[in-house]
*Asks:* 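Just passing along the structure, written as structure tokens.
If you read the sequence from its start, that first residue is 1, and numbering goes on from there.
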Amino acid sequence: MRNIEMKTKINDSNTLINELEKITKSKWIVIEQHDTFFKTKTGRLKLRQFKDKTGEIIYYERPNIVGPKLCNYQKIKINAETFESLKNILTISNGIIGVVKKTRRLFMIDQTRIHIDDVHGLGSFLELEVVLKDDQDVSYGEKIAKDMMRQLNIESENLISEAYVDLINKAKSL
């Protein structure tokens, strides 16, 4: 699976939420997420747990560059009964590099997932994910992301290249 992603820090999530409600003509979905990242040779591997104790394991490869970027990913849903056992196996075999706790407000516009993320210890962020269909190329997704950035008045100089786990680990080392 592929998507085009971009992320920016935001100061006023309420104004942005109001704007997104107007654009999408809908309310958002709230998702509590607890992501544990594991050491890997390439890409990133995270185990995401939801409030109901179910989760997903997600492997992805995405460059740390500013602006809309291609992300290739695979994910599998995990039931509550096997979640902790999988987490223990991954912790023992790979080791943990960090944990990200966040509350995500999800908006959908066609094939674009718009997240307002309140990340514990970091603040609020806007993240766009344009989910590409098999017949769509990267430039098509980049155009959608850039158009959405313009519509939401997101300046390209405010975009962030790093993952939340990198930002948290960087903050811890200061």
Side-chain angles (χ1 to χ4, degrees), residues 1-10 13 16-17 20 27-109 111-134 138 141 145 159-174:
M1 298 171 21
R2 306 170 303 142
N3 65 26
I4 301 296
E5 298 182 6
M6 55 81 36
K7 180 183 335 184
T8 186
K9 180 103 168 94
I10 55 175
S13 57
L16 194 52
I17 287 168
L20 285 166
K27 279 286 199 186
W28 65 88
I29 299 168
V30 176
I31 308 168
E32 298 288 333
Q33 297 177 339
H34 185 146
D35 295 345
T36 303
F37 285 79
F38 299 93
K39 294 177 188 170
T40 60
K41 289 183 182 177
T42 61
R44 295 180 185 279
L45 180 65
K46 67 181 169 184
L47 186 59
R48 170 170 289 159
Q49 187 170 36
F50 301 110
K51 209 172 190 175
D52 67 359
K53 305 293 183 198
T54 64
E56 302 171 320
I57 187 160
I58 304 165
Y59 174 79
Y60 66 97
E61 294 180 349
R62 179 187 71 211
N64 279 354
I65 58 172
V66 174
K69 55 195 149 275
L70 177 65
C71 177
N72 290 295
Y73 65 97
Q74 297 179 38
K75 66 181 177 177
I76 301 170
K77 293 191 179 303
I78 307 295
N79 64 38
E81 293 77 36
T82 58
F83 188 90
E84 286 303 320
S85 296
L86 179 59
K87 184 176 180 182
N88 289 338
I89 289 168
L90 288 170
T91 300
I92 292 166
S93 64
N94 294 43
I96 294 173
I97 61 169
V99 174
V100 176
K101 295 178 184 177
K102 65 181 175 259
T103 301
R104 170 166 284 174
R105 286 163 285 189
L106 168 66
F107 292 86
M108 291 295 300
I109 299 177
Q111 68 195 78
T112 303
R113 298 171 50 93
I114 303 168
H115 309 147
I116 304 294
D117 290 335
D118 293 319
V119 182
H120 181 73
L122 284 181
S124 297
F125 296 82
L126 167 79
E127 185 178 65
L128 297 178
E129 294 178 352
V130 181
V131 180
L132 295 173
K133 298 174 184 165
D134 290 341
V138 171
L159 296 178
I160 297 170
S161 62
E162 296 147 312
Y164 296 136
V165 69
D166 295 337
L167 296 172
I168 288 171
N169 287 340
K170 197 183 289 186
K172 283 182 184 176
S173 67
L174 295 178

*Asks:* What is the minimum heavy-atom distance between G67 and L159, and which atoms define it?
*Replies:* CA-CD1, 3.4 Å
*Asks:* Could you give the distance from CD1 (I58) to SG (C71), rounded to the nearest 0.5 Å?
*Replies:* 9.5 Å
*Asks:* Is there a donor-acceptor contact under 3.5 Å from the side chain of D52 to the main chain of T54?
*Replies:* yes
*Asks:* Below 30° counts as parallel, above 60° as perpendicular, anything between as tilted: where do the rings of F107 and W28 land?
*Replies:* tilted
*Asks:* Before you tell me yes or no, could you show the steps for N94 and L45 under side-chain contact (heavy atoms from CB on, under 4.5 Å), namely the whole-Å CA-CA distance, both residues' side-chain angles and the distance that decides it to 0.1 Å?
*Replies:* CA-CA 10 Å; N94 294 43; L45 180 65; 4.1 Å; yes
*Asks:* So which atom in F83 and which in Q49 form the shortest heavy-atom distance, rounded to 0.1 Å?
*Replies:* CZ-CB, 3.3 Å
*Asks:* With salt bridge (Lys or Arg N to Asp or Glu O under 4.0 Å) as the test, pick out the partner of E127 among K102, R113, R104.
*Replies:* R104
*Asks:* Which distance, rounded to the nearest 0.5 Å, do you find between the CE of M1 and the NZ of K133?
*Replies:* 14.0 Å
*Asks:* Run the numbers on L132 and L70 for side-chain contact (heavy atoms from CB on, under 4.5 Å), then give the verdict.
*Replies:* CA-CA 10 Å; L132 295 173; L70 177 65; 4.2 Å; yes
*Asks:* Is any side-chain heavy atom of F38 less than 4.5 Å from a side-chain heavy atom of I97?
*Replies:* no
*Asks:* Out of K170, R62, R44, K69, which one pairs with E162 under the salt bridge (Lys or Arg N to Asp or Glu O under 4.0 Å) rule?
*Replies:* K170
*Asks:* Could you check whether K9 makes a cation-pi contact with F125, meaning its NZ or CZ is under 6.0 Å from the centre of the six-membered ring and within 45° of the ring axis?
*Replies:* yes
*Asks:* Any salt bridge between E32 and K51, counting N to O under 4.0 Å?
*Replies:* no
*Asks:* Looking only at side chains, do N79 and T82 share a donor and an acceptor under 3.5 Å apart?
*Replies:* yes
*Asks:* Starting at OH of Y59, measure out to CG of N72 and round the result to the nearest 0.5 Å.
*Replies:* 9.5 Å
*Asks:* Begin from the C-alpha positions of T103 and V30 and carry the test side-chain contact (heavy atoms from CB on, under 4.5 Å) through to its verdict.
*Replies:* CA-CA 7 Å; T103 301; V30 176; 3.8 Å; yes
*Asks:* Against the six-membered ring of Y164, is K7 placed for a cation-pi contact (under 6.0 Å from the centre, within 45° of the normal)?
*Replies:* yes
*Asks:* Is the shortest side-chain heavy-atom distance between I116 and L20 below 4.5 Å?
*Replies:* yes
*Asks:* Considering non-hydrogen atoms only, spot the tightest contact between A145 and L128 and give its length.
*Replies:* O-CD1, 3.7 Å
*Asks:* Could you measure the distance from the NZ atom of K101 to the OG1 atom of T36? Nearest 0.5 Å is fine.
*Replies:* 9.0 Å
*Asks:* Identify the heavy atoms of H115 and D117 that sit nearest to each other, and give their distance.
*Replies:* CB-OD1, 3.6 Å
*Asks:* How far apart are the closest heavy atoms of I109 and I114, and which atoms are they?
*Replies:* CD1-CD1, 3.5 Å
*Asks:* Return the CG to CD1 distance between L90 and I57, rounded to the nearest 0.5 Å.
*Replies:* 4.5 Å
*Asks:* Between the side chains of D118 and R105, is the shortest nitrogen-to-carboxylate-oxygen separation below 4.0 Å, so that they form an ion pair?
*Replies:* yes
*Asks:* If you take all heavy atoms of V99 and H34, which pair is closest and at what distance?
*Replies:* CG1-NE2, 3.2 Å
*Asks:* May I ask you to test the T8-I10 pair for a side-chain heavy-atom distance under 4.5 Å?
*Replies:* yes
*Asks:* Nearest 0.5 Å please: distance from the OG1 atom of T40 over to the OH atom of Y60.
*Replies:* 9.5 Å
*Asks:* Determine, step by step, whether F37 and V100 satisfy the side-chain contact (heavy atoms from CB on, under 4.5 Å) criterion, reporting the C-alpha distance in whole Å, the side-chain angles of both residues, the deciding distance to 0.1 Å, and the verdict.
*Replies:* CA-CA 8 Å; F37 285 79; V100 176; 3.8 Å; yes
